[in-house]
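A short write-up of the structure that comes next.
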Amino acid sequence: MEIPFMALAELCEKLEETSKRNLMVSVVTAFLERLSPDEVEPAVSMILGRPFPRWSPRVLDVGWTTLTKIIRRLTKTNWKVFSQAFSETGDVGSAVKAVFEASKPYRQATLLEKPLTIMEVRRSFESIAEASGAGSREKRERLVEALLSAAEPLEAKYLVKILIGEMRTGFHEGLMELAVAKAFHVPLEDVQRACMMLGDVGEVAALLKTGGKEALSKVGFRVFRPVRLMMAQTAENVEEALREHGGETAFEYKFDGARIQIHKDGAAVRIFSRRLTDVTQSLPEIVELVQREVKAEKAILEGEVIAVDADGKPMAFQHLMRRFKRVRGIEETRRRIPVRLFLFDVLYLNGQSLIHEPYVERRRILSETSGEIPLANQLVTRNAQAAEQFLKMALDEGHEGLMAKRLDGDYTPGIRGKKWLKI
DNA sequence: GCTGATGCGTC
DNA sequence: GTCGGAC
DNA sequence: GTCCGACGACGCATCAGC
């Protein structure tokens with residue numbers, strides 16, 4: 001028996017009404033326990049306001065403008081109700097609920113249909129994401145319209161929130177990890193660790209549902225499955241960075257480019273962007289470079305690509321952007337806007353996770369693995385003046401500034417902490 | 001073919 | 001990427 | 001301290017409409 005989408009909508013409604021975290025976690029825990037294996041990942045994604053898992057390349061391509069048109073059509077003359085509800089609540093979902101309630105009579109025919117289920121909603125999202133080619137815009141609209149017209153007002157509220165990515169229930173990913181740990185009776189740390197590796201809490205939950213604890217303990221890095229990035233906080237100046245890192249730290253050039261995660265398995269190489277989308281196609285020379293230089297069978301590396309001019313000097317970020325989403329004319333743009341790669345971290349090497357190794361050790365391993373690929377210029381020092389000078393050098397060479405990396409810092413995927421500071 | 005609207009993704 | 005707010 | 005949402009500039013792809 002498939003769980004109705006209404007149950008998920010009611011759950012979200014409860015989450016929205018409270019700000020008590022323990023309460024939120026316990027209602028979600030109870031909900032997760034009711035789901036069948038197939039429903040777990042879709043439900044977890046939807047509760048977090050996402051139509052698909054985080055790493056999925058699928059996108060709905062439905063924005064606010066498109067949705068507005070559809071809702072107008074579905075609710076006919078009651079548009080004023082929407083505007084008023086929207087200005088009162090400031091919440092698109094609530095306004096949609098109000099207008100759906102007001103226009104029930106117009107939508108009578110649909111009330112006889114069977115209730116929507118979570119799985120049907122997921123399948124509908126898949127169809128919407130798949131639409132492409134001539135006529136796809138209209139097809140997408142029709143699919144969204146069909147989905148919404150099968151929905152009760154409360155369901156419509158949350159469908160719309162998921163469609164445009166504005167869940168705002170206050171139930172974020174960290175709390176979901178807690179709920180998953182409770183629902184499947186495993187330690188929170190194990191769930192967090194698996195989420196780092198798989199990049200998506202929904203997938204972790206699904207894994208627990210089908211394979212239990214054992215499956216969870218087997219989770220490790222998988223080449224070609226991108227890992228969430230470690231992020232930096234800001235520091236005012238080099239002194240603050242030194243102080244924060246206990247007197248001594250590693251400064252690295254911070255480049256005005258795009259951060260990439262490089263996965264290699266034999267001759268196969270794939271490149272992922274910051275948001276973990278696959279950008280391999282846009283950067284053919286990086287693929288070749290990695291194939292040629294990286295001295296490892298399997299590896300997950302991190303670096304920054306920047307655009308350079310004919311003399312190899314850094315160009316403004318906009319030039320790099322012209323390479324990124326490009327599908328056509330890649331070869332020509334490749335000649336016009338060359339890119340360079342600077343590596344700065346290694347997370348995984350030949351079957352071994354390195355994220356618990358300290359920064360200095362990872363950097364050492366990286367230097368032994370990277371062949372002729374340059375690493376980000378580095379200065380390990382406890383001297384503020386030397387650091388200042390290094391910063392000036394970076395800026396003079398046209399780069400953005402410096403990063404400061406704690407020498408004994410491990411790699412914490414998805415976390416923005418003080419182990420890395422940008423200056 | 002060209003142009004505008006729309007959505008997405010980078011920083 | 002930045003900022004400010006909520007907890 | 002940590003998380004989230006709102007914000008902005010820029011460039012590209014895709015489709016619709018001419």
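So you know, we letter chains A, B, ... as the sequences are listed, proteins then strands, and number each from 1. For the numbers below, each heavy atom of this structure counts, side chains included, while hydrogens, waters and symmetry mates do not.
- Comparing A:Gly165 and A:Glu138 against DNA chain D, the residue whose closest nucleotide sits nearer the 5' end is A:Gly165.
- Relative to the side chain of A:Arg328, the nucleotides D:dT14, B:dG7, B:dT10 differ in distance, and D:dT14 lies closest.
- Taking 4.0 angstrom as the limit, A:Arg326 places a side-chain polar atom (N or O) nearer than this to OP1 or OP2 of D:dC12.
- Between A:Thr277 and B:dG9 there is no side-chain polar atom (N or O) within less than 4.0 angstrom of OP1 or OP2.
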**OP:** Mind running ring pair (Phe, Tyr, Trp, His ring centres under 6.0 Å) on A:Trp79 and A:Phe86 for me, showing each step along the way?
**Re:** CA-CA 11 Å; A:Trp79 192 247; A:Phe86 183 58; 9.7 Å; no
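- One atom, CD of A:Glu177, and another, C1' of D:dC3, lie 12 Å apart when rounded to the nearest Å.
- The distance from atom CG of A:Leu60 to atom P of B:dG7 is 12 Å, rounded to the nearest whole Å.
- Of the candidates D:dC10, D:dC15, B:dC11, the closest approach to any side-chain atom of A:Met321 belongs to D:dC10.
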**OP:** Using the side-chain contact (heavy atoms from CB on, under 4.5 Å) rule, take A:Leu143 and A:Lys139 through it: C-alpha gap first, then chi angles, then the decisive distance, then the call.
**Re:** CA-CA 6 Å; A:Leu143 287 166; A:Lys139 186 178 177 194; 4.2 Å; yes
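- Between A:Gln233 and D:dT2, a side-chain N or O to OP1/OP2 separation shorter than 4.0 Å is present.
- When A:Arg322, A:Arg328, A:Arg326 are each tested for a side-chain hydrogen bond (donor to acceptor under 3.5 Å, both in side chains) with A:Thr333, only one passes: A:Arg326.
- Looking only at side-chain heavy atoms (C-beta outward), A:Leu242 and A:Phe251 come within less than 4.5 Å of each other.
- Rounded to whole angstrom, the span from the CD1 atom of A:Ile337 across to the C1' atom of D:dC10 amounts to 13 Å.
- In this model, the phosphate group of B:dT6 is not approached by any side-chain N or O of A:Arg140 to a distance below 4.0 Å at OP1 or OP2.
- Distance from the side chain of A:Asp61 is smallest for B:dC8 among the nucleotides B:dC8, B:dT6, B:dT10.
- Of the candidate nucleotides B:dC8, C:dC7, B:dT6, B:dT6 has the atom nearest to the side chain of A:Thr65.
- One interatomic measurement links the two molecules: NZ of A:Lys419 to C1' of D:dG1, which rounds to 13 Å at whole-angstrom precision.
- In this structure, CD1 of A:Ile306 is placed 16 Å from C1' of B:dT10, rounded to the nearest angstrom.
- Annotation: of the two residues near DNA chain B, A:Trp64 and A:Arg274, the 5′-most nearest-nucleotide partner is A:Trp64.
- Residue contacts shown for A:Lys69 are absent, as no nucleic acid heavy atom lies under 4.0 Å away.
- The shortest distance between the side-chain N/O atoms of A:Lys422 and the OP1/OP2 oxygens of C:dT2 is below 4.0 Å.
- At a cut-off of 3.5 Å, with distance as the only test, no side-chain donor of A:Asn383 or A:Thr381 sits close to an acceptor on the other residue.
- Residue order along DNA chain D, read from the 5' end via each residue's closest nucleotide, puts A:Arg416 first among A:Arg416 and A:Gln318.
- For the pair A:Leu48 CG and D:dC3 C1', the computed distance is 13 Å after rounding to whole Å.
- In this structure, A:Glu41 does not pair ionically with A:Lys209, as no charged nitrogen and carboxylate oxygen lie closer than 4.0 Å.
- One can place NZ of A:Lys325 at 7 Å from C1' of B:dG7, the figure rounded to the nearest angstrom.
- Residue side chain A:Arg137 does not reach the base of B:dT6 through any donor-acceptor N/O pair under 3.5 Å, judged by distance alone.
- Listed candidates were B:dC8, B:dC11, C:dC7. Nearest to the side chain of A:Val59 is B:dC8.
- In this model, the phosphate group of B:dT10 is approached by a side-chain N or O of A:Ser273 to a distance below 4.0 Å at OP1 or OP2.
- Separating the C1' atom of D:dT2 from that of B:dC11 is a span of 22 Å, rounded to the nearest Å.
- Heavy atoms of A:Gly174 sit nowhere under 4.0 angstrom from any nucleic acid atom.
- A donor atom on one side chain and an acceptor atom on the other are not found under 3.5 Å apart for A:Tyr253 and A:Glu304.
- Among the nucleotides B:dG7, B:dC11, D:dC4, the one closest to the side chain of A:His172 is D:dC4.
- Residue contacts shown for A:Gly170 are absent, as no nucleic acid heavy atom lies under 4.0 Å away.
- Computed from coordinates, the A:Met403 CE to B:dC11 C1' distance equals 14 Å when rounded to whole Å.
- Each of B:dG7, B:dT10, D:dA16 was ranked by its minimum atom distance to the side chain of A:Ala134; first place goes to D:dA16.
- Between A:Arg322 and B:dT10 there is no side-chain N or O to OP1 or OP2 distance below 4.0 Å.
- Of the listed nucleotides (B:dC8, C:dC7, D:dC15), C:dC7 has the atom at the smallest distance from the side chain of A:Ser19.
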